[in-house]
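Note that the structure is predicted; figures quoted are calculated from it, not measured. The chain is numbered in sequence order, starting from 1. One-based numbering, in listed order, for ligands and for the atoms of each.
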Amino acid sequence: MMIVMREEATPPIGPRYKLASSQFRHGERTVIDIDGRKIGGPHFATIAGPCTVESRDVLLDAAHAVKDGGAQLLRGGAYKPRTSPYSFQGLGEEGLRLLAEAKQQTGMPIVTEVMDVRDLDAVLEVADVIQLGARNMQNYTLLTELGRAGRPVLIKRGLSATLEELLMAAEYVLKEGNTDVMLCERGIRTFESAYRFTLDLMAIGVLKELTHLPVLVDPSHAAGRRDLVPSLSLAAAAAGADGIIVEVHPDPDKAICDGPQQLYAGDFADYLRQVERVAEIAGKRVAAAV
Ligand code: PEP
Ligand code: MN
């Protein structure tokens with residue numbers, strides 16, 4: 001009778017991601033330069049704007065308000081990942097055209113989401129940063145294409161993704177030679193149902209230990225309600241976030257999507273002043289208003 005010896009499983013050595021690991025850069029942090037706006041390292045950056053591009057007036061009003069309030073980049077989705085297929089899905093290419101106009105008027109770089117690789121070329125016409133939404137964090141073909149697109153990428157943490165899974169998603173982009181990757185904590189699913197998601201503030205410090213990539217926080221989608229957004233933003237800044245991405249609308253009560261969580265554009269400047277004060281206390285450099 002032959003006795004087959006089972007090989008001992010080799011214990012894993014180090015993290016499964018490599019390029020995303022802090023060890024890879026020997027303690028040096030990635031700083032992404034988007035038209036002179038810096039994200040990562042000593043800098044604190046703010047990305048603000050409406051949830052979705054819903055009309056020319058709303059977008060331009062929001063864009064001017066967030067610029068005047070001190071944001072560095074403008075956000076707005078032309079392609080929206082909606083839970084219901086019957087909800088507004090975004091203006092698509094018309095939305096991209098409006099984002100181009102907002103960029104031309106304000107000079108602000110644009111952050112916008114791509115959901116489908118078939119829209120990537122059109123999105124690349126206007127996006128300075130491509131957003132990969134939480135629901136697509138593990139869309140590996142899309143991640144690979146973003147790695148080849150040669151444009152900075154903002155990866156949002158999946159609704160139930162571990163930090164390692166988030167870093168593995170970043171690894172897909174980095175592996176293709178795109179070094180400009182930033183991560184975003186946007187709230188995760190927990191057993192708690194009293195609010196929309198649970199903002200995982202500990203992810204900030206732990207990610208910054210594990211990776212050299214910038215770590216942003218989205219308080220809007222985490223909370224799902226406006227009243228919690230300022231305090232969560234202050235907490236994120238205090239915890240060492242490299243920036244925030246926050247939803248702002250000139251008239252949120254009439255917004256087509258995510259109305260209850262969007263800040264009033266009129267409140268934005270005061271809000272950001274407070275967040276930046278805390279970021280400075282946490283040791284960050286905030287950009288001078290342009
Ligand atoms: C968004 O930022 O517009 C968005 C839909 O966020 P998330 O993918 O985090 O839900
Ligand atoms: Mn939204």
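- Counting atoms of ligand 1 from 1 in the listed order, those under 4.0 Å from a heavy atom of P81 are 5 (C).
- Near R186, meaning under 4.0 Å from any of its heavy atoms, are these atoms of ligand 1: 7 (P), 9 (O), 10 (O).
- Ligand 1 has no nitrogen or oxygen under 3.5 angstrom from a nitrogen or oxygen of C51.
- Of all protein heavy atoms, the one lying nearest to atom 6 (O) of ligand 1 is K156 NZ, 3.0 Å.
- Those atoms of ligand 1 with a heavy atom of R135 less than 4.0 angstrom away are 7 (P), 8 (O), 10 (O).
- Inspection of the Y172 and N178 side chains reveals no N or O donor paired with an N or O acceptor under 3.5 Å.
- Each of the following atoms of ligand 1 lies closer than 4.0 Å to a heavy atom of G133: 8 (O).
- By the 4.0 Å N-to-carboxylate-O rule, E280 lies too far from R277 to be salt-bridged with it.
- A salt bridge does not link E171 to R16: none of the charged nitrogens lies less than 4.0 Å from a carboxylate oxygen.
- Atom 8 (O) of ligand 1 has as its closest protein heavy atom A134 N, 2.8 Å.
- The shortest N or O to N or O distance between E113 and ligand 1 is not under 3.5 Å.
- When hydrophobic clusters are built by joining Ile, Leu, Val, Met, Phe, Trp and Tyr residues whose side-chain heavy atoms come closer than 4.5 Å, directly or via intermediates, V153 is grouped together with L120.
- Residues E113 and R75 fail the side-chain proximity criterion, which asks for heavy atoms closer than 4.5 Å.
- Heavy-atom contacts of R75 reach the following atoms of ligand 1: 1 (C), 2 (O), 3 (O) (cutoff under 4.0 Å).
- Vertex the Mn ion (ligand 2); arms to D258 OD2 and E247 OE2; angle rounded to 10 degrees, 130°.
- Under a 4.0 Å N-O distance rule, the pair D180/R151 does not qualify as a salt bridge.
- Here C184 has no heavy atoms under 4.0 Å from ligand 1, in either its backbone or its side chain.
- Salt bridge status for R37 with D128: absent, with no side-chain N to carboxylate O gap under 4.0 Å.
- Defined by atom type and a distance below 3.5 Å, a donor-acceptor pair is missing between the side-chain atoms of H249 and D258.
- Residue side and main chain included, C51 places an N/O/S atom under 2.8 Å of the Mn ion (ligand 2).
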